[in-house]
Amino acid sequence: MTITSPHLGSPAVWTDARLLYALEEVVEQELNRHLAVAKDWMPHEYVPWTDGRNFPGFFEDGEAWDKEHSKVTEIGRIALVVNLLTEDNLPSYHHEIASLFGRDGAWGTWVHRWTAEEGRHGIVMRDYLLTSRAVDPDKLEQFRMSHMSEGFESDNRHSMLHSVAYVAFQELATRISHRNTGHQSGDPVCDRMLARIATDENLHMVFYRNLLKAAFELAPDLTMQAVRDVVVNFRMPGHGIPGFERAAAQMAIGEVYNMRIHHDDVLQPVLRFLKIMEIDGLGPEGQKAQEELGLFMGGLDAEALKFDEKLAARKARMAARAAG
């Protein structure tokens, strides 16, 4: 990729439209790389269909859900519901990125491919949850209707660069959340299913992370500001789920996703790959964003340390209670 004018790096020049055009070649390269390494898989192959039985309703032999039916741990159920409801809002996510990135050329091909791959995740998770009776199906559907009826509006819809930066971190956050949910679920079938989903999410992260790196080469100041804004204000797309704050707190204690995990396993890997603090030649606004990003990460690490200490103390109390 060549930059045809020495003035193209000027913030006054880099509109969203120009950046989309300038990054088209990188998108095509990353799309081809993704298609070469991504493996198709069948959602139905990960579902324990023989565990299934009828629920009440039209079937006379229907059996009402009972908590005892589930093989999944309490924290596993909480996290699975949050993760699935997040996946359920795929129509809104597709609308957001299709409106921002477009439906033509390499960008459009990626948008549709990403949507198709993400669709598998919701399919297999719902089939697993209902077949294995892991969660209350009535509450799950009520939550889905409530959540999807609210729609989804990205915090970063105002900017193509902010959106690319966000999904680079968010895809990794989703991968980590799914993987840890599997580990904490207590069900090897669930763990295997979520490991398969996490593999997809990792490939999606790599696509956006590499695209973000290319954006730094084109417009370093603007990209640094976008990364700063996204990292400082980051929140998961499922934040609108009914009862999300309580569920998030339980997932933090259950070590599915918390401040330490967010810092160590989500933010730091992407920032290290981009060598964010080593980028030089920035203008005043870029330097300011870089410095503020460094300060924020230091503060987040300190807050995560406090959380670690509280969690360790809680575990010690619970262990002492169990021993007594």
Side-chain angles (χ1 to χ4, degrees), residues 67 70 72-90 92-93 118 121-122 125-126 129 134-136 139-156 166-186 190-191 194 197-198 201 205 229-270 296-297 299-315 318:
K67 189 175 181 179
S70 178
V72 174
T73 61
E74 179 67 19
I75 187 60
R77 283 196 294 275
I78 293 168
L80 280 163
V81 170
V82 169
N83 291 354
L84 175 55
L85 292 177
T86 301
E87 298 285 356
D88 274 333
N89 246 350
L90 182 60
S92 287
Y93 306 149
E118 288 287 343
H121 303 167
M125 288 180 68
R126 175 164 281 98
L129 292 180
V135 301
D136 184 336
K139 287 186 177 179
L140 182 65
E141 178 60 11
Q142 290 161 7
F143 283 150
R144 187 191 71 85
M145 286 295 295
S146 175
H147 183 45
M148 290 192 70
S149 294
E150 292 295 322
F152 174 78
E153 189 170 289
S154 171
D155 296 332
N156 303 288
Y166 175 75
V167 289
F169 294 104
Q170 182 267 322
E171 293 283 3
L172 182 52
T174 304
R175 170 206 162 192
I176 295 297
S177 181
H178 282 312
R179 202 68 193 94
N180 288 343
T181 298
H183 292 328
Q184 300 288 355
S185 69
C190 179
D191 192 25
L194 292 176
I197 292 174
E201 303 290 8
M205 178 276 292
D229 293 344
V230 164
V231 169
V232 170
N233 299 299
F234 185 89
R235 56 179 181 168
M236 292 292 274
H239 59 80
I241 292 171
F244 177 79
E245 290 186 3
R246 176 175 171 77
Q250 292 170 306
M251 290 167 67
I253 294 172
E255 298 182 89
V256 171
Y257 200 95
N258 56 40
M259 199 178 299
R260 172 56 64 198
I261 292 169
H262 182 61
H263 177 277
D264 290 0
D265 300 338
V266 176
L267 298 182
Q268 285 284 32
V270 176
F296 175 83
M297 290 300 293
L300 182 63
D301 188 38
E303 289 297 314
L305 180 59
K306 292 178 183 177
F307 174 84
D308 293 340
E309 293 169 350
K310 289 180 180 178
L311 186 59
R314 184 179 187 276
K315 288 181 178 179
M318 293 180 67

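What you see is a predicted model; the values in this text were computed from it and never measured. Side chains are part of it too, since the values below use all heavy atoms of this structure and drop only hydrogens, waters and symmetry mates.
Leu129 contributes atom CG, which lies 6.0 Å from atom CG of Leu84 (distance to the nearest 0.5 angstrom). Atom NE2 of His178 is separated from atom CD1 of Ile197 by 5.0 Å, given to the nearest 0.5 angstrom.
Annotation for His263 and Asp301: closest pair NE2-CB, 3.5 Å, computed over non-hydrogen atoms. Scanning all heavy atoms of the two residues, the minimum distance from Ile78 to Ala247 falls at CG2-CB, 3.8 Å. For the residue pair Pro269 and Leu172, the shortest heavy atom distance occurs at CB-CD2, 4.2 Å. The two residues Asn83 and Ser177 have their closest heavy-atom pair at OD1-OG, 3.2 Å. Considering every non-hydrogen atom in both Met259 and Ala304, the closest pair reads SD-N, 3.5 Å.
Residues that satisfy the salt bridge (charged side-chain N to carboxylate O under 4.0 Å, His left out) test with Asp155, not counting sequence neighbours, are Arg235. Qualifying ring pair (Phe, Tyr, Trp, His ring centres under 6.0 Å) partners for His262, counting only residues two or more places apart in sequence or in other chains: Phe234, Tyr257. For Asp136, the side chain to side chain donor-acceptor pair (under 3.5 Å) criterion is met by no residue, not counting sequence neighbours. Checked against salt bridge (charged side-chain N to carboxylate O under 4.0 Å, His left out), Arg179 has the following partners two or more places apart in sequence or in another chain: Asp191. In this view, Thr174 and Gln170 satisfy the side chain to side chain donor-acceptor pair (under 3.5 Å) rule, not counting sequence neighbours. Partners of Lys67 by side-chain contact (heavy atoms from CB on, under 4.5 Å), not counting sequence neighbours, listed by chain and number: Trp65, Glu74, Arg77. Shown here are the side-chain contact (heavy atoms from CB on, under 4.5 Å) partners of Met148, two or more places apart in sequence or in another chain: Asp88, Asn89, Pro91, Arg144. Scanning for side chain to side chain donor-acceptor pair (under 3.5 Å) contacts around Arg175 gives Asn202, with sequence neighbours left out. Partners of Ala252 according to the side-chain contact (heavy atoms from CB on, under 4.5 Å) rule, which considers only residues two or more places apart in sequence or in another chain, are Asn258, Phe307. In this structure, Asp265 has no side chain to side chain donor-acceptor pair (under 3.5 Å) partners at least two apart in sequence or on a different chain. Residues that satisfy the salt bridge (charged side-chain N to carboxylate O under 4.0 Å, His left out) test with Lys315, not counting sequence neighbours, are Glu255. In this view, Ala79 and Thr181, Met251, Val256 satisfy the side-chain contact (heavy atoms from CB on, under 4.5 Å) rule, not counting sequence neighbours.
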**Study point:** side chain to side chain contact (heavy atoms under 4.5 Å, CB included) between Val167 and Met205, intermediate numbers included
**Key:** CA-CA 7 Å; Val167 289; Met205 178 276 292; over 6 Å; no
Practice item. Could you please spell out the steps behind the side chain to side chain contact (heavy atoms under 4.5 Å, CB included) verdict for His239 and Met236? Key: CA-CA 6 Å; His239 59 80; Met236 292 292 274; 5.7 Å; no
Exercise for review: Start with the C-alpha gap between Leu194 and Ser185, add the side-chain angles, then the distance that decides, and say whether side chain to side chain contact (heavy atoms under 4.5 Å, CB included) holds.
Suggested key: CA-CA 10 Å; Leu194 292 176; Ser185 69; 5.7 Å; no
Point to revise | Stepwise side chain to side chain contact (heavy atoms under 4.5 Å, CB included) check, Phe143 with Ile241 | key: CA-CA 7 Å; Phe143 283 150; Ile241 292 171; 5.6 Å; no
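In this structure, Gln268 places its CD atom where more than 12 heavy-atom neighbours from other residues, nucleotides or ligands lie under 6.0 Å away.
Taking the charged nitrogens against the carboxylate oxygens, Lys306 and Glu309 have no contact shorter than 4.0 Å, which rules out a salt bridge.
Proximity of a side-chain donor or acceptor of Thr86 to a complementary backbone N or O of Val82 within less than 3.5 Å is detected.
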